[in-house]
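Naming: A, B, ... by sequence-line order, numbering from 1 per chain. Just so it is clear, the structure is predicted and the values come from calculations on it, not from any experiment.
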There are 2 protein chains.
Amino acid sequence: MVSVVAVASHAGVSPATVSRVLAGRVPVAAETRARVLEAIEHLGYRPNEVARSLRAGRGRAVALVTGDIEQGIYASLAKHVQSELEALGLDLLLFNLGHREDRLRHFLERAPSLGLRGIVLSSPHVMDMVELTPVIRAAAESGVEILSVSQDLSAFGITSIVHDDVGGAAAAVAHLMGQGRTPVAFVGRIETSAIGRARFNGYRDALLAHGQPVDPALVWDISEGYRADAGYHAASEALARGLRFRAVLAASDELALGCMAAAADRGLAVPDDIAFVGFGGLGWGVFSRPSMTTVSLDSDAMARAVGDIFRSQEGGPAPANRRVIQAKLVVRQSA
Amino acid sequence: MVSVVAVASHAGVSPATVSRVLAGRVPVAAETRARVLEAIEHLGYRPNEVARSLRAGRGRAVALVTGDIEQGIYASLAKHVQSELEALGLDLLLFNLGHREDRLRHFLERAPSLGLRGIVLSSPHVMDMVELTPVIRAAAESGVEILSVSQDLSAFGITSIVHDDVGGAAAAVAHLMGQGRTPVAFVGRIETSAIGRARFNGYRDALLAHGQPVDPALVWDISEGYRADAGYHAASEALARGLRFRAVLAASDELALGCMAAAADRGLAVPDDIAFVGFGGLGWGVFSRPSMTTVSLDSDAMARAVGDIFRSQEGGPAPANRRVIQAKLVVRQSA
DNA sequence: TGTCTGTATGACAACGATTTCATGGGGAAT
DNA sequence: ATTCCCCATGAAATCGTTGTCATACAGACA
């Protein structure tokens, strides 16, 4: 590998001067600079990032911890975050938990030794903060920027970028109410996910605000997974039991798709017999038939907010400890 | 940060001994080992990965270069590859090209300086090999394992893990033939993607083998993107022009979904009026209605093959230069 | 008892880049 | 002409880890 030493000897200067030319912060004689640049060009020199990271005490990689990269919302987030980071000259390290919480702990233990620039947590788990906080604090003390996307951890001193789950869910319910589609069922993780609970809260509050009761039989708390099969099973079972409902608000587009499939398999028409609203708004929802009405989360905006954090590290203004991205109801065919 | 020096002084030994205890390959007196382990535990020491990487000449990260992480097949691949790597103690660096080829070049320039263990290329672009080969060779010479997933680059000396696109497409066409659904249209990237072209070849060969003509008007070569909107537009236009076809083989599930939406919007029944077969078989296809018949690619098997490469680096048997993963037609409702 | 062998350990160099400290030389000011 | 100052540059230390080389000590055998 061609190193600074090689470049330096080729240009007839010391390694320090080569470094100075690259850094550009210290004055170097124009003639010397030209010689160095020529040598760099000639030898095809590229600074070794690992050595830089060691010397600087931290590298140029940001870890993104996702719940399930196969879900549209996380894939979209990963895409946009990577794009943002790339513009900042940073790399993205992907850790997909796949709904196994032990992996998170394992990662957080290893994290401080990886020389990361930052960690972006975006997992739907209700994390056991009592246990996690010391780990996170240790990481933060070692100069690693930690931030949370989707889940509000600002109370723990962690910069959080969240979407308005309560408002989004309420808007969806209001929309369904406006069409007279009652009763409305809810499906999602409630007990085991802070995000799911927020969406449930929005659903519940909106129902109550419209003078509607919350029927426990129409609240389907799935224990794990936000995937379509969970929605299918929940809706199938409800239909088999003969429960009556005219609409379903799902905590993810995947869940909504599964519910719709269950309805379709029983010969029910969407949205006339039952209407469906999902959460996410990323991916195939535009082209499914019926296309999916959904509470759209702006993953691009979330990614930009993530980018802002790292931009601010380089001298820009420090962003707020908590940033809320609005959720927007996108009305399509399914409701 | 707590370093070997700190551990060494706490245990009353030299840094070298601490390193020896960690490596475990050199004999260390039992009593000394115990003291060192106690010190490690006491101080919460974790070896600095960056320093290790510098010293070793390469790190423990593998880069995955994807075409579009929002597409089911790539997301699934990323998930499984990350899982495999995690089991090997390796980290995944994600580079999403998002169909911008210049990003690939930029990445390959930077790659050698990142201290990567390997690079997994999985982008549908027909890469300009004339230009790329020197870069790839340079990376390979610096000890980085380079391999290609989906695209066969074994002719360029790059270990390739491919799926049987030709066979998969042929099986799909044969299935449609068996149902008497002719003529069959094809949609995908043909000119600008080696993978798309392979699928087209399978389609063409199967048609000819069944004594059917290949109608150029029913071959829709989309210039960019494998996403649903491209399929929607292609199919809409064909239907608007009054072209007659009874089935569509699409080079991705997303394209197929777009085509199906176009058909649905014209009041056509699936599969009775037109049948659809996609490619990929990952994600929502099971729960869309009609559910999607598709040529399923086993991303898990591909990821395991990737894992095998890196396992073989650690002394295992060297795997073949080219490995073919079978594609399997999964028949559901759409065809 | 002396030499030999082998094992356990320490000192030191090296990976590649950056930064601090020191120095030489040229120009300006008196 | 002499002194002063600043600019450009080089030498050397440093980040944390690991491998090489050297050494000290214990046990064995003649």
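The salt bridge (charged side-chain N to carboxylate O under 4.0 Å, His left out) check on B:E109 picks up A:R46, with sequence neighbours excluded. By the ring pair (Phe, Tyr, Trp, His ring centres under 6.0 Å) test, A:F107 pairs with A:F95, sequence neighbours left out. B:R55 pairs by the salt bridge (charged side-chain N to carboxylate O under 4.0 Å, His left out) definition with nothing, not counting sequence neighbours. For A:S150, the side chain to side chain contact (heavy atoms under 4.5 Å, CB included) partners are A:S122, A:H163, A:I195, not counting sequence neighbours. Residues satisfying the ring pair (Phe, Tyr, Trp, His ring centres under 6.0 Å) criterion with B:H106, sequence neighbours excluded, are absent altogether.
Residue pairs meeting the ring-ring contact (aromatic ring centres under 6.0 Å, His included) criterion with at least one partner in residues 30-49 of chain B, sequence neighbours excluded, are B:H10-B:H42. Every pair passing salt bridge (charged side-chain N to carboxylate O under 4.0 Å, His left out) that includes a residue from residues 32-44 of chain B is listed here, sequence neighbours excluded: B:E31-B:R35. Among residues at least two apart or in separate chains, there is no salt bridge (charged side-chain N to carboxylate O under 4.0 Å, His left out) pair with a member in residues 4-23 of chain A. Sorted by first and then second residue, the salt bridge (charged side-chain N to carboxylate O under 4.0 Å, His left out) pairs with a member in residues 90-99 of chain B read A:R110-B:D91; sequence neighbours excluded.
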* To do: Go through the steps to decide whether A:H80 and A:M302 satisfy the test side-chain contact (heavy atoms from CB on, under 4.5 Å), and finish with yes or no.
  => CA-CA 8 Å; A:H80 287 115; A:M302 299 195 285; over 6 Å; no
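Reading DNA chain C from its 5' end, the first and the last nucleotide to sit under 4.0 Å from a heavy atom of chain A are C:dG16 to C:dT20.
Across all strands shown, B:G12 has heavy atoms under 4.0 Å from sugar-phosphate atoms exclusively, and none from any base. No engagement by A:V50 is indicated, since no non-hydrogen atom pair under 4.0 Å with the nucleic acid exists.
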* Structure fact -> Each nucleotide of nucleotides 13-19 of chain D classed B (base within 4.0 Å of a protein heavy atom), S (only sugar-phosphate) or -, in 5' to 3' order, makes BBBBBBB
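For the helix from C:dT1-D:dA30 to C:dT30-D:dA1, the end axes, each set by the C1' atoms of five terminal pairs, are bent relative to each other by 60° (nearest 10°).
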